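Below is one structure, written out as structure tokens; comments come after it.
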Amino acid sequence: PRVELHVLGHSMGGLTVFLGTQLDEKLPIRSVSLSSPLLKLRMPVPPVKKFFAHLIRPAFGGIQMKNEIDSSFLTHDTEVNRLYVTDQLN
């Protein structure tokens with residue numbers, strides 16, 4: 001029997017589902033639901049940051065760089081925002 005999939009993707013998962021459906025039209029997908037898919041950054045990456053990222057990548061691989069995103073845009077929950085700002089991994 002043929003399997004038909006109903007796929008849900010949110011944020012980065014939404015981008016993954018979207019690209020997957022574009023790359024392989026033979027997938028047995030009956031429907032797709034995308035929730036806030038990460039299709040484009042709201043703000044452009046500064047050219048100097050992009051230049052240096054490409055320059056150092058061969059030597060350092062993927063390294064974490066600070067971004068210009070205001071953390072207050074990530075959530076309306078002030079406690080979640082506080083935890084994000086104080087997280088050492090951010």
Side-chain angles (χ1 to χ4, degrees):
R2 179 176 161 86
V3 175
E4 291 185 335
L5 302 174
H6 300 272
V7 184
L8 168 66
H10 173 71
S11 190
M12 181 68 80
L15 175 61
T16 304
V17 168
F18 176 76
L19 291 176
T21 59
Q22 300 303 305
L23 295 174
D24 189 351
E25 295 178 5
K26 295 177 185 138
L27 291 172
I29 296 175
R30 180 173 179 139
S31 67
V32 171
S33 296
L34 302 178
S35 168
S36 300
L38 179 63
L39 298 179
K40 184 176 180 183
L41 293 176
R42 186 174 182 128
M43 60 182 58
V45 176
V48 68
K49 181 183 258 187
K50 195 179 287 190
F51 171 79
F52 282 108
H54 289 289
L55 184 68
I56 65 174
R57 184 177 195 140
F60 295 100
I63 62 170
Q64 185 174 1
M65 299 174 74
K66 294 287 183 190
N67 64 54
E68 292 76 24
I69 298 173
D70 183 346
S71 64
S72 65
F73 294 146
L74 300 176
T75 179
H76 294 287
D77 187 322
T78 56
E79 178 62 11
V80 170
N81 188 40
R82 184 190 68 74
L83 291 170
Y84 177 83
V85 169
T86 58
D87 188 333
Q88 294 178 352
L89 296 177
N90 288 329

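These figures come from a predicted structure and were not determined experimentally.
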Contacts table for residues 23-31: side-chain donor-acceptor under 3.5 angstrom, sequence neighbours left out:
residue	atom	partner	partner atom	Å
Asp24	OD1	Lys26	N	3.0
Arg30	NH1	Glu4	OE1	3.1
Ser31	OG	His6	ND1	2.7

(message) Can you give me the closest heavy-atom contact between Val3 and Leu5, atom names plus distance?
(response)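 Looks like CG1-CD2, 4.0 Å.
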(request) Please identify each residue that fulfils salt bridge (Lys or Arg N to Asp or Glu O under 4.0 Å) with Arg82, with sequence neighbours left out. (result) Glu79
(request) Please identify each residue that fulfils side chain to side chain contact (heavy atoms under 4.5 Å, CB included) with Ser35, with sequence neighbours left out. (result)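 Ser35: side chain to side chain contact (heavy atoms under 4.5 Å, CB included) contacts with His10.
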(message) Show every salt bridge (Lys or Arg N to Asp or Glu O under 4.0 Å) that has at least one partner inside residues 12-23, sequence neighbours left out.
(response)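 For residues 12-23: none.
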(request) Going by the side-chain contact (heavy atoms from CB on, under 4.5 Å) test, name the single residue among Asp77, Leu83, Val85 that passes it with Asn81. (result)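 Output: one option passes, namely Val85.
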(message) Assigning hydrophobic clusters by single linkage (Ile, Leu, Val, Met, Phe, Trp, Tyr; side-chain heavy-atom cutoff under 4.5 Å), is Phe18 placed with Leu8?
(response)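 The answer is no; the residues belong to distinct hydrophobic clusters.
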(message) I need the Leu34 CG to Thr21 OG1 distance, nearest 0.5 Å.
(response)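 Interatomic distance, Leu34 CG to Thr21 OG1, rounded to 0.5 Å: 7.5 Å.
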